[in-house]
There are 2 protein chains.
Amino acid sequence: MKDVASAAGVALKTVSRVVNGEPGVHPETAERVRAAIDLLGYSRNESARVLRSGRTATIGLVIEDVADPFYAGLSRAVEDVVIEHGCLLLSGSSGEEPTRERELVETFCARRVDGIIVVPAGDDHTYLRAELEAGTAVVFADRPPGAGIDVDTVIVDNAGGAARAVRHLREHGHRRIAFLGDDPAIFTAAERLRGYREALGELYDPALVSMRSPSPAGVRDDLDRLFALDDPPTALFTGNGRYTMTTLRALRGRRVPLVGFDDFELADLMEPGVTVVAQDPARMGKVAAELLFHRLRGEGGPAERVELPVNLIVRGSGELPTPR
Amino acid sequence: MKDVASAAGVALKTVSRVVNGEPGVHPETAERVRAAIDLLGYSRNESARVLRSGRTATIGLVIEDVADPFYAGLSRAVEDVVIEHGCLLLSGSSGEEPTRERELVETFCARRVDGIIVVPAGDDHTYLRAELEAGTAVVFADRPPGAGIDVDTVIVDNAGGAARAVRHLREHGHRRIAFLGDDPAIFTAAERLRGYREALGELYDPALVSMRSPSPAGVRDDLDRLFALDDPPTALFTGNGRYTMTTLRALRGRRVPLVGFDDFELADLMEPGVTVVAQDPARMGKVAAELLFHRLRGEGGPAERVELPVNLIVRGSGELPTPR
DNA sequence: ATGAAAGCGCTAACAG
DNA sequence: CTGTTAGCGCTTTCAT
């Protein structure tokens, strides 16, 4: 900047004004400065700008895993909003490990990001308190923060969606509906279990519930156990996209009535098409990012909790006749 | 840092040493400093560190679209290597727009990232020359840089993979094999066309080639045209994952012999399973990131060009009997 | 409309 | 093993 200034025959501050598009520079002077910038191939050192101004124009995003289509969709939507606001996105995958979640958040904070969007892996977020007081904007997505932390949160209607799936199967005559889902320590899994249970009412039978991380072998074992029951399930409700795919694989073509939570690519091309309760990851990302920038603009108010709707997509698997 | 220093009764530099784990601090002094850090809730200002040291400990990644499973897998692998090296990842999607690619790269450079991994959208990368001279490490992935720019590049054996697919179909008796692929302006598409053509030799017929972006309607039209030919194709070779899925959808269950480039989730559960030439996006990301850190360590030498192998996975669709 | 001076928080270089 | 000094490149504040 100093070099540009002397090349253009102005003071350093004038160059700063031109670079930042600040008013109060004579058009001709500005032109001269721009010429010098081009000539020298100058580009502003953002680190210095950040150090002085305090604004990094950077947003941090912590998710479970970018390689998961759900979070990939969410990431892309967040990224688009972030770029639109002239900021850049630092992102990291926690891999469902609370320690890693915390490390990522703290590293982002050390870099003084303006705001953070977190899909939490753990359930203790008291470590965020200092950052929140320091003015870092935080939005939780997909899952709410742990007790004692009150920040904007965007989730979907997990219980309602699960209930919708169960009602759909009941309307097709099923009374024995199994639920295969993630560990209920994960918020979304617990909520979906709640919706499943409420929609079943007195038909609820804990023997039909199996919750754990969806390994192929584990799901196979669970299905074997379920179908070996005296009163086996006539339909399945799977608790997330990965679970649905693993279950379909374990079923090896057996035509069992099934509704899955989460839509996924090619669900329509399966035979039969897979009926799902779909959520919209891109929508969730967009809403979370916009909420964040809303806060950044200082438009305060108490922490908001947005609940996004889900959507039943009927494709065939949920409407199969009861087996045997 | 100043506050921590006076709280611990030491000089600022000593705090700096402790924070950076530099040797030459008495364990007891270090302990006192750490206590002061905890007490005050101090965390180093990274922007200041960057301004002074010049190292941002940040890597930039430009891809087409995180929401595409191929790039999502690549991103995750890059991220893992980056974190392992104590760095953070700034990422952005170009959406196949050369302008956006360039903007992202330039923005990353303005932030003085230590290195950049680029999946290029355009084919003119002369704008990188200044950055390269300034010492920014750059690695291209999936596609090579345009003319005149010589940097490390990681690609897969596109032509070889396409040839492998064609040979597989020829071994199953096909002589009329259509190719549905992306616009040949995209490097990978052009290479796959080349491999297809070479493997067909005198059987090559331009009437069986259709290259454009894979819109559902476009693919439907192309298939209609191909199957209406006097001498229609008996098998299809699709040029990438998205194309394969779109084609399967357009086929509406018709059992046409098909081999696709790129593996995809649920390819094994289709009826029949989809035979593919698989590449490994995570491997590509890992190799690209490691190449980048190799450069960053100053272990020079001329620009490398790594070509990753592909892998034919036989699942049924490529071995179907010739229709009719 | 332009400029001079101060200083953001840290690390590099050099003393002691 | 510890401390002092300078200054990274910019924005802020205040002056002209």
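Every chain is numbered from 1 and lettered A, B, ... according to where its sequence line falls, protein lines coming before strand lines. Bear in mind that the values here come from a model prediction, so they are computed numbers and not experimental data.
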> Is the shortest side-chain heavy-atom distance between A:V82 and A:C87 below 4.5 Å?
yes
> Taking the nucleotide of DNA chain D with the closest heavy atom to each, which residue, A:N20 or A:R17, is nearer the 5' end?
A:N20
> Between D:dG3, D:dG9, C:dC10, which nucleotide has the shortest distance from any of its atoms to the side chain of A:A48?
D:dG9
> Tell me whether B:T107 contacts the main-chain N or O of B:E103 through its side chain, where contact means a donor paired with an acceptor under 3.5 Å.
yes
> To the nearest angstrom, how far is B:M1 atom CE from D:dC8 atom P?
19 Å
> Is the closest side-chain heavy-atom distance between A:T153 and A:V139 below 4.5 Å?
no
> B:R52 side chain: which of D:dC10, C:dT11, D:dG3 is closest?
C:dT11
> Expressed in angstrom and rounded to an integer, what is the separation of A:L12 atom CG from D:dT13 atom P?
17 Å
> Heavy atoms only, 4.0 Å cut-off, all strands: where does B:V50 land among base, sugar-phosphate and nothing?
nothing
> Side-chain contact test, heavy atoms from C-beta onward, threshold under 4.5 Å: evaluate it for A:V62 versus A:V119 and give yes or no.
no
> If only side-chain N and O atoms count, and only distance matters, is there a donor-acceptor pair under 3.5 Å linking A:N45 with B:R111?
no
> Check the distance between D:dT11's P and B:L51's CG and give it to me in whole angstrom.
12 Å
> With DNA chain C as reference, determine whether A:A11 or A:R112 sits nearer its 5' end, using the nearest nucleotide of each.
A:A11
> In whole Å, what is the span from the CZ atom of A:R55 to the P atom of D:dT12?
11 Å
> Can you tell me whether the side chain of A:R49 and the base of D:dG9 have a donor-acceptor pair closer than 3.5 Å?
no
> Out of D:dG9, C:dT2, D:dT2, which nucleotide sits closest to the side chain of A:T29?
C:dT2
> Rounding to a whole Å, what distance do you find between A:K2:NZ and C:dG3:C1'?
16 Å
> Could you work out which one of D:dT2, C:dG3, C:dC10 sits closest to the side chain of B:H26?
D:dT2
> Strictly below 4.0 Å: does A:S47 bring a side-chain N or O up to OP1 or OP2 of D:dG9?
no
> Between atom CD in B:E31 and atom P in D:dC1, what is the gap in whole Å?
16 Å
> Does B:R44 make a side-chain N or O approach to OP1 or OP2 of C:dT11 shorter than 4.0 Å?
yes
> According to a strict under-4.0 Å criterion, is B:S16 in side-chain N/O contact with OP1 or OP2 of C:dC10?
no
> Select from A:S53 and B:P23 the residue whose nearest nucleotide in DNA chain D is closer to the 5' end of that strand.
B:P23
> Measure from CD on A:E22 to P on D:dC10 and round the result to the nearest Å.
14 Å
> Of the candidate nucleotides C:dG9, D:dG3, D:dT11, which contains the atom at the shortest distance from the side chain of B:K13?
D:dG3
> Compare all side-chain heavy atoms of A:Y71 with those of A:V66 and state whether any distance is below 4.5 angstrom.
no
> Measure from the side-chain heavy atoms of A:T14 and tell me the nearest of D:dG9, D:dT11, C:dT2.
C:dT2
